[in-house]
Amino acid sequence: MPLTLKPLHPLFVAEATGIDLRKPVSPDLAAEIHRAMDTYAVLVFPGQALDDDQQMDFGRALGTLEATRGVVDAHKHRLKHQEMNDISNLDTDGSLLAADDRRRMFALGNRLWHSDSSFKPTPAMYSMLHARVIPPEGGETEFADMRAAWDALPDRTKAKIKDLTTWHSLIYSRAQLGFDEYTAEEKKAFAPVPQRLVRRHPGSGRASLYLSAHIGRVDGMPIPEGMAMIRDLTEHATQRDFVYRHHWTQNDLVMWDNRCTLHRARPFEDTTYPRDMRRVTLMDVAPTLEQQAA
C-alpha cells in the first residue's frame with residue numbers, strides 16, 4: 001500500500017498510514033517520507049508495533065543516528081541500544097523512578113518547549129518517538145510550528161532577529177526549574193554551543209524560528225534583555241493557533257522535524273503510572289551557523 005497522509009492541523013502535522021515500519025524502508029519510500037516531513041514537519045504513524053531493533057533500522061533508513069544522549073547518569077541505561085533515548089519514568093530494573101531521583105528531576109525539563117539536541121554543536125534533524133506503555137491519562141506531547149510562527153511576526157521583528165546567534169545548553173534549560181546538580185563530566189558535556197535564531201529550512205525553503213528552552217543567552221545583548229526577547233518570541237510561537245496536541249495510543253510512532261518545530265511533554269501521575277517511550281534521533285548535516293541563513 002502507498003503512504004497515505006491525512007492532515008491533523010490546519011498548518012502542519014499529518015497522520016501517515018499505509019506502510020509497515022517493521023519492514024525495510026526502500027530508498028523511494030524514504031524519499032517520500034522526507035517529502036512529507038518537508039510539508040507537514042510532524043508525522044503520526046499509528047499502530048506500529050515496533051521492537052527496538054526495528055525502530056533503530058527505521059531511523060537509519062532516513063539518516064544518521066545521534067551517537068550520544070543528553071542525560072544525567074548516562075551509565076544508568078536500561079535499553080539495549082546506547083543510541084536510543086529512554087523517554088520514560090522507569091529505572092534500570094523496570095520499576096518507577098523514585099520521586100527524588102535526579103534523573104526524574106532532570107527529565108522534568110522535557111515539559112519546557114524545546115528542540116531536541118539544540119544543545120549539541122550539530123543538533124537534531126528528526127526525532128522518532130514510539131509509545132510502548134502509556135498512562136491512563138495525561139502525558140500528551142505538544143508540537144508548535146516554527147515556520148508559521150516566523151511568518152506571523154511583524155517585519156520589524158524579523159529584521160531585528162534574523163541574524164542573531166543564541167547559545168544553547170541543557171544547563172540553561174534545567175536552571176529554569178532550579179536543577180543544578182551536575183558532575184564535572186556532565187558540565188563539560190553540556191557546555192553551551194552557538195546556534196542561529198532564525199534558520200532556512202532546507203526541504204521546504206521556508207524561514208523558521210529556532211527556539212528552545214535550552215537557550216541561555218543571545219550574542220550581542222545583555223543576558224536579561226536577550227532572554228526577555230526569547231521569552232516573548234516563545235510566547236508568540238506557542239500560541240494555540242500554532243500548536244498541535246498529540247494524545248498517545250500504544251504503538252504510535254510520532255516523528256518530528258526539530259529544525260522547524262518545538263515540542264514539550266505534558267504532565268501525568270509519573271510516580272503512580274509507568275510511561276515507556278523510546279526515541280531515535282537523527283543528526284542534522286552540520287552546525288546551524290554553517291548552514292544557509294534565513
Side-chain angles (χ1 to χ4, degrees), residues 8-9 13 15-16 21-22 42-56 58-59 69-117 124 127-144 170 173-174 176-179 181 213-214 238 240 243-256 258 261-281:
L8 298 177
H9 186 277
V13 191
E15 182 181 76
L21 300 184
R22 296 172 298 184
V42 180
L43 294 180
V44 177
F45 296 88
Q48 300 288 342
L50 302 170
D51 62 26
D52 288 0
D53 291 340
Q54 292 163 338
Q55 188 176 351
M56 296 284 284
F58 176 56
R69 295 171 286 110
V71 295
V72 294
D73 291 337
H75 62 286
K76 297 179 180 178
H77 188 58
R78 70 185 179 95
L79 302 182
K80 173 181 177 181
H81 300 280
Q82 284 298 317
E83 305 97 324
M84 180 172 278
N85 289 265
D86 185 6
I87 313 297
S88 78
N89 59 335
L90 302 175
D91 209 336
T92 53
D93 63 358
S95 64
L96 294 177
L97 289 174
D100 61 350
D101 192 295
R102 72 191 292 262
R103 289 168 291 172
R104 177 176 178 265
M105 296 294 102
F106 185 82
L108 291 173
N110 291 328
R111 297 186 190 177
L112 305 174
W113 286 107
H114 65 284
S115 177
D116 286 339
S117 297
S127 292
M128 307 169 183
L129 187 60
H130 189 240
R132 306 297 176 88
V133 178
I134 56 175
E137 61 180 351
E140 303 89 356
T141 304
E142 292 185 332
F143 301 89
L170 282 164
S173 55
R174 272 50 185 181
Q176 296 181 43
L177 302 181
F179 184 96
E181 300 176 14
H214 305 313
T238 56
R240 300 317 300 178
V243 171
Y244 163 78
R245 174 177 283 199
H246 185 67
H247 297 269
W248 290 92
T249 298
Q250 187 179 22
N251 290 325
D252 282 350
L253 184 136
V254 178
M255 178 165 62
W256 62 91
N258 289 286
T261 62
L262 287 179
H263 66 282
R264 66 174 180 176
R266 305 313 297 137
F268 69 103
E269 296 297 331
D270 66 309
T271 59
T272 303
Y273 300 108
R275 182 178 185 264
D276 187 350
M277 316 286 281
R278 307 185 186 193
R279 193 187 83 215
V280 170
T281 315

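All figures in this text were calculated on a predicted structure; none of them were measured in a lab. Throughout, numbering of the chain's residues begins at 1 and tracks the sequence.
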dist Asp270:CG -> Leu97:CG (nearest 0.5 Å) comes out at 8.5 Å

Review point. Which word best sums up how the rings of His246 and Trp248 line up, parallel for under 30°, tilted for 30 to 60°, or perpendicular for over 60°?
Key: perpendicular

Q.
Using the rule given for salt bridge (charged side-chain N to carboxylate O under 4.0 Å, His left out), can you reason through Asp93 versus Arg78, listing the C-alpha separation, both sets of side-chain angles and the distance that settles it, and then say yes or no?
A. CA-CA 7 Å; Asp93 63 358; Arg78 70 185 179 95; over 6 Å; no

Item checked: Atom CD of Glu137 with >12 non-hydrogen neighbours under 6.0 angstrom -> no

inquiry  = Do Thr141 and Val254 make a side-chain contact, defined as non-hydrogen atoms from C-beta onward lying under 4.5 Å apart?
reply    = no

Exercise. Does a donor on one side chain sit under 3.5 Å from an acceptor on the other, for Gln55 and Arg22?
Worked result: no

Within the 4.5 Å heavy-atom criterion, are Arg111 and Pro267 side-chain neighbours or not? yes

Give a yes or no on whether a salt bridge exists between Arg279 and Glu83, defined as a side-chain N under 4.0 angstrom from a carboxylate O. no

| Is there side-chain contact between Arg102 and Phe179, with at least one heavy-atom pair below 4.5 Å? | yes

* To do: Taking atom CZ of Phe268 as the centre, report whether more than 12 heavy atoms of other residues, nucleotides or ligands fall under 6.0 Å from it.
  => yes

Going by atom types only, do His247 and Arg245 share a side-chain donor-acceptor pair under 3.5 Å? no

| task | Answer yes or no: is there a side-chain heavy-atom contact under 4.5 Å between Arg69 and Gln82? | result | yes

Between Thr281 and Ala124, the two heavy atoms sitting closest are CG2-CB, 3.6 Å

Self-check item: side chain to side chain contact (heavy atoms under 4.5 Å, CB included) assessment of Asp276 paired with Leu90
Solution: CA-CA 7 Å; Asp276 187 350; Leu90 302 175; 4.1 Å; yes

Heavy-atom closest pair (Val243 atom, Ala144 atom, distance to 0.1 Å) is CG2-CB, 4.0 Å

Counting distance only, does the side-chain N/O of Arg266 pair as donor-acceptor with the main-chain N or O of Gly138 below 3.5 Å? no

- Just wondering, more than 12 heavy atoms not from Gln176 lying within 6.0 Å of its CD? yes

Tightest non-hydrogen contact, residues Arg132 and Asp51, listed as NH2-C, 3.6 Å

Separation between CG (Leu50) and NE2 (His130), nearest 0.5 Å, reads 4.0 Å

*asked:* Determine whether Arg174 and His214 satisfy the following criterion, side chain to side chain contact (heavy atoms under 4.5 Å, CB included), listing intermediate values before the conclusion.
replied: CA-CA 8 Å; Arg174 272 50 185 181; His214 305 313; 3.6 Å; yes

Rounded to the nearest 0.5 Å, the CE atom of Met56 sits from the CE atom of Met128 at a distance of 11.0 Å

Item to check | Donor + acceptor pair across side chains of Asp116, Ser127 (<3.5 Å) | outcome: yes

>> Applying salt bridge (charged side-chain N to carboxylate O under 4.0 Å, His left out) to Glu269 and Arg275, what does each step give before you reach the verdict?
In response: CA-CA 10 Å; Glu269 296 297 331; Arg275 182 178 185 264; over 6 Å; no

Heavy-atom nearest pair, Gln54 first then Ala49, reads OE1-O, 3.9 Å

task: Show the numbers, then the answer: is there a side chain to side chain contact (heavy atoms under 4.5 Å, CB included) between Thr238 and Glu142?
output: CA-CA 10 Å; Thr238 56; Glu142 292 185 332; over 6 Å; no

Hits for side-chain hydrogen bond (donor to acceptor under 3.5 Å, both in side chains) against Arg103, two or more places apart or cross-chain, chain-then-number order -> Asp91, Asp101

Residue pair Leu129 / Leu253, side-chain heavy-atom distance below 4.5 Å: no

The residue among Asp86, Asp252, Asp52 that forms salt bridge (Lys or Arg N to Asp or Glu O under 4.0 Å) with Arg278 is Asp52

- [ ] Measure from the side-chain N and O atoms of Asp73 to the backbone N and O of Lys76, and report whether any donor-acceptor pair falls under 3.5 Å.
- [x] no

Distance col, row His9:NE2 vs Glu15:CD, nearest 0.5 angstrom, shows 15.5 Å

Check your understanding: Where the side chain of His114 meets the backbone of Leu112, is there a donor-acceptor pair that is under 3.5 Å apart?
Key -> yes

Review point. Heavy-atom distance under 4.5 Å between the side chains of Asn85 and Val280, does that happen here?
Key: no

> Which class fits the ring pair Trp256 and His263: parallel under 30°, tilted 30 to 60°, perpendicular over 60°?
Replying inline: tilted

Under a 4.5 Å cut-off applied to non-hydrogen side-chain atoms, are His81 and Asp53 in contact? yes

Between Val133 and Met277, the two heavy atoms sitting closest are O-SD, 4.2 Å

Measure the shortest side-chain to side-chain distance between Asn258 and Ser117 over non-hydrogen atoms and say whether it is less than 4.5 angstrom.
no

Here the pair of heavy atoms bringing Phe106 nearest to Gly70 is CE2-O, 3.6 Å

> How far apart are the C-alpha atoms of Leu79 and His77, what are their side-chain angles, what is the distance that settles it, and do they pass the side chain to side chain contact (heavy atoms under 4.5 Å, CB included) test?
Replying inline: CA-CA 6 Å; Leu79 302 182; His77 188 58; 3.6 Å; yes

